[in-house]
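Take a look at the structure set out below.
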2 protein chains.
Amino acid sequence: MSDLLERLRGRGWRLTSQRRVVAEVLDGEHVHLTADEVHARAARRLPEISRATVYNTLGELVSLGEVMEVATDGRAKRYDPNAHRPHQHLVCASCGTVRDVHPTGDPLADLPAAERFGFAVSAVEVTYRGLCPDCARARA
Amino acid sequence: MSDLLERLRGRGWRLTSQRRVVAEVLDGEHVHLTADEVHARAARRLPEISRATVYNTLGELVSLGEVMEVATDGRAKRYDPNAHRPHQHLVCASCGTVRDVHPTGDPLADLPAAERFGFAVSAVEVTYRGLCPDCARARA
DNA sequence: TCTTGACTTGGACAGCGTCCATCGTAGGAT
DNA sequence: ATCCTACGATGGACGCTGTCCAAGTCAAGA
């Protein structure tokens, strides 16, 4: 945690209370929160924090590579604090929860040059979809 | 084309001019249009068609399995008329265009049971990201 | 302590999508 | 060919997510 704040300060971040709270929220829970959920949790500690600041801070954390943006559906983006270890996502089709998973193999290597159509391919996202144990049970 | 309309009629669809036009737009161009793009193209043939109808019709086509919904970024969903042949997507990080690609390998096999956390995994989406030739050129 | 420019604020705004009351019409029935 | 009626279309209001901006605030170096 203080690691994160130290890294950010080292990159020239001005360390405001708002940024500190957002970083603490993300670092505290290793779940995948939406921007509004981050805002709600941050506001519990710092009631006047504005939505715009949360969006700004999240955007900065993403471009610094400290946090990953995850768009699993057409709804709100989610923010993944586990940006340093490569991983993929497993999403429940019913309740929407997201788990980090670590598949074997390298999907980038599975895309032959002939299938790249001149794109400069730089990243792959793999999203596994299914029913989580709770939802599968509720549906049975 | 008439295949699609026949299938839909066989499933009890009331065949209105609006639905016909939406189906024709999707079937005509094998690109991945947003709902608004579908609406614009449909309106060229049927000027009074409403956005709500386009959304309704797209939603019905999706739940009938005739069209796939693709949420590649936090922006508008895109609709993929190529729902019958399995494939993955290659997305331009700058302009958002989507191409179908056919990688080798089976990503489902790359997720060991120990990494499934009890989920009944039923599908995998692989999204390759990069810059398309046009955007790469514009950025140089 | 002072200064300054980076940061925050809150409200307006834009894009995407949904909802709803009302009107229109496809297609079976006669 | 005409009638009926339930299903579908309409369009405008609304909600959610996210961006932008002008004005005010404050972290941190001098």
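Owing to the predicted nature of the structure, the values given are computational and were not obtained by experimental measurement.
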| remark: Picking from dG11(D), dG17(C), dC20(D), the nucleotide nearest the side-chain atoms of Ala52(A) would be dC20(D)
| task | Tell me, with the steps shown, if Val54(B) and Tyr79(B) meet side chain to side chain contact (heavy atoms under 4.5 Å, CB included). | result | CA-CA 12 Å; Val54(B) 171; Tyr79(B) 292 87; over 6 Å; no
| Ile49(B) CD1 - dT25(C) P separation (whole Å) | 14 Å
| said: Can you measure Arg19(A) atom CZ to dA6(C) atom P for me and round it to whole angstrom units? | reply: 11 Å
| Quick one: is Thr53(A) getting a side-chain N or O under 4.0 Å of the dT9(C) phosphate, OP1 or OP2? | yes
| Between Leu5(B) (CG) and dA26(C) (C1'), how many Å, whole number? | 15 Å
| Can you list the steps and then say if Glu69(A) with Arg78(A) is a salt bridge (Lys or Arg N to Asp or Glu O under 4.0 Å)? | CA-CA 6 Å; Glu69(A) 222 172 43; Arg78(A) 290 174 178 274; over 6 Å; no
| field | Gap between atoms CZ and P, on Arg11(A) and dA6(C) respectively (whole Å) | value | 19 Å
| query | Are OP1 or OP2 of dT8(C) and a side-chain N or O of Thr16(A) less than 4.0 angstrom apart? | reply | yes
| query | From dG17(C), dT9(C), dG11(D), pick the nucleotide closest to the side chain of Glu48(B)? | reply | dG11(D)
| message | Tell me whether Arg19(A) is salt-bridged to Glu60(A), with the criterion being a basic N under 4.0 Å from an acidic carboxylate O. | response | yes
| Proximal nucleotide (of dT25(C), dT10(D), dT17(D)) relative to the Arg14(B) side chain | dT25(C)
| field | Ser50(A), nearest nucleotide to its side chain (from dG8(D), dT17(D), dT9(C)) | value | dT9(C)
| said: Quiz question: going by heavy-atom distance under 3.5 Å, is there a donor-acceptor pair between the base of dG10(C) and the side chain of Arg51(A)? | reply: no
| said: Mind checking if Ala76(B) touches a base, just sugar-phosphate, or nothing, with heavy atoms under 4.0 Å? | reply: sugar-phosphate
| note | When rounded to whole Å, the CG to C1' distance for the pair Leu46(B) and dG24(C) reads 13 Å
| field | Beyond-backbone contact of Pro103(B) with Val126(B), side-chain heavy atoms, under 4.5 angstrom | value | no
| field | Euclidean distance, atom NE2 of residue His39(B) to atom P of dC16(C) [Å, nearest integer] | value | 13 Å
| task | Take the angle between the ring planes of His102(A) and His87(A) and call it parallel below 30°, perpendicular above 60°, tilted in between. | result | tilted
| With respect to the phosphate group of dT9(C), does any side-chain polar atom (N or O) of Gln18(A) fall under 4.0 Å of OP1 or OP2? | yes
| said: Any side-chain N or O of Tyr55(B) below 4.0 angstrom from OP1/OP2 of dT18(C)? | reply: no
| note | Looking only at heavy atoms, the pair that brings Pro81(B) and Val31(B) closest together is CD-O, 3.6 Å
| task | Using whole Å, report how far CZ of Arg78(B) lies from P of dG15(C). | result | 15 Å
| request: Determine to 10° how strongly the helix from dT1(C)-dA30(D) to dT30(C)-dA1(D) is bent, judged from the axes of its five-pair ends. | output: 30°
| field | Arg11(B) to Glu66(B) - nearest heavy-atom pair and separation | value | NH2-OE2, 3.1 Å
| remark: Heavy-atom nearest nucleotide on DNA chain C taken for Trp13(B) and for Ala35(B); more 5' hit belongs to Ala35(B)
| task | Whole angstrom is fine here: how far is it from CG in Asp36(A) over to P in dC16(D)? | result | 9 Å
| said: Between the side chains of Arg45(B) and Glu24(B), is the shortest nitrogen-to-carboxylate-oxygen separation below 4.0 Å, so that they form an ion pair? | reply: yes
